[in-house]
Amino acid sequence: MKQISIFIFTSALLLAACATPTSSNKSKEKATTVDTPLTEEYTPVEHIFEDLGYSYDALEPYIDAETMELHYSKHHKGYYNNFMEAVKGTEIENQPMQLIFKHISSQSDYVRNNAGGYYNHTLFWANMAPEGYSQPSEELKQTINDTFGSLDNFKKEFGNKAKGVFGSGWAWLVKQKDGSLAISATSNQDNPLMDIAEVKGVPLLALDVWEHAYYLKYQNKRADYIDNFWKIVNWEEVNRRFKEER
Ligand code: MN
């Protein structure tokens, strides 16, 4: 009997020892649960609600201040709050968003929608800036030319994809695993980092085509909102993501 308990104790120690490289306290707590092994190491993160980075009227006249205020302080904040509440005390609480999205199909629709809503808007704010702020880098322009024929043609194809979204969703410029660029669209708050995405990869450019993003100013003219987007794209940020995420 004594021998058995020693054996169990030793096994537990071994299990704990095997699991320690995964640094976070949460991983250590999980170490004795043999049927849920942690297969991916990560550095625990705090999910924060980032500053907008510019004033609500900075994107006028293409996106009005009232829309920006509502969109950022109500919609985006709402997704963030819901996400934080939903993951509190769960194993994904301090996981990087990329890792959460990689396994998003194992989460509830509620977590998926709010995680996406939180993350997508952070990207969206950052890839916009006041008119004339920046241009695509030579390197990015070259890759866009090689992929889509020209920058103008890329804008047309991206715009058409955005205009083709039925209901609520997003349009994306995605850098795929092999380094190639692709244009895609997702429904609701899904994004290309999610394991359920049709086109997977790192998002370089995001455009929100939910009604809440444009309806106050553009009403039913979603196409005008999409065409005007190019005037306020922060290419500097797109250049950075393109260079970094390879
Ligand atoms: Mn939105």
Side-chain angles (χ1 to χ4, degrees), residues 47-87 97-98 100-101 104 107-131 158-174 183-194 196-199 202-234 237-238 241:
H47 298 292
I48 55 160
F49 187 67
E50 282 185 36
D51 288 340
L52 189 54
Y54 41 77
S55 59
Y56 290 137
D57 64 358
L59 307 179
E60 292 263 16
Y62 308 109
I63 301 181
D64 59 291
E66 194 184 358
T67 297
M68 282 303 296
E69 181 166 7
L70 279 169
H71 201 171
Y72 174 76
S73 71
K74 304 291 182 207
H75 292 276
H76 188 198
K77 192 70 191 287
Y79 289 120
Y80 172 74
N81 289 343
N82 292 342
F83 167 74
M84 293 300 279
E85 191 59 35
V87 300
M97 296 307 288
Q98 288 84 344
I100 295 176
F101 292 139
I104 202 69
Q107 299 294 326
S108 66
D109 286 351
Y110 186 79
V111 168
R112 172 171 154 187
N113 291 337
N114 285 292
Y118 159 48
Y119 184 80
N120 298 350
H121 287 92
T122 306
L123 292 180
F124 183 49
W125 309 135
N127 70 212
M128 292 191 293
E131 186 173 14
F158 184 100
N160 287 341
K161 187 61 95 173
K163 290 166 194 174
V165 172
F166 186 77
S168 301
W170 292 75
W172 306 93
L173 172 63
V174 182
I183 292 167
S184 76
T186 55
S187 294
N188 304 316
Q189 295 294 354
D190 290 352
N191 69 43
L193 291 167
M194 293 184 175
I196 45 82
E198 236 172 88
V199 177
V202 175
L204 302 184
L205 179 66
L207 174 58
D208 187 343
V209 291
W210 281 58
E211 280 190 351
H212 68 227
Y214 63 87
Y215 211 82
L216 282 180
K217 181 180 172 69
Y218 293 90
Q219 287 88 44
N220 59 319
K221 294 176 190 132
R222 181 158 84 168
D224 291 353
Y225 159 74
I226 291 166
D227 291 339
N228 281 340
F229 174 61
W230 300 113
K231 301 200 167 99
I232 46 169
V233 165
N234 181 358
E237 175 66 12
V238 185
R241 288 179 199 163

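Remember, it's 1-based here, ligands and their atoms both numbered in the order they're listed. Everything numeric here is computed off the predicted structure, so don't read it as measured data.
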(Q) Against the six-membered ring of Tyr72, is Lys77 placed for a cation-pi contact (under 6.0 Å from the centre, within 45° of the normal)? (A) no
**Q.** His121, N/O/S atom nearest the Mn ion (ligand 1)
**A.** NE2
Q. Parallel, tilted or perpendicular for Phe158 and Trp230, by the 30°/60° rule?
A. perpendicular
(Q) Using a 3.5 Å distance criterion without hydrogens, assess whether the side chain of Asn188 forms a donor-acceptor pair with backbone atoms of Asp190. (A) no
(Q) Tell me whether the Mn ion (ligand 1) has His212 as a neighbour, meaning an N, O or S atom of it below 2.8 Å. (A) yes
**Q.** Asp224 bridged to Lys217 by N-O distance under 4.0 Å
**A.** no
(Q) Only N/O/S atoms count here: what is the atom of Asp208 closest to the Mn ion (ligand 1) called? (A) OD2
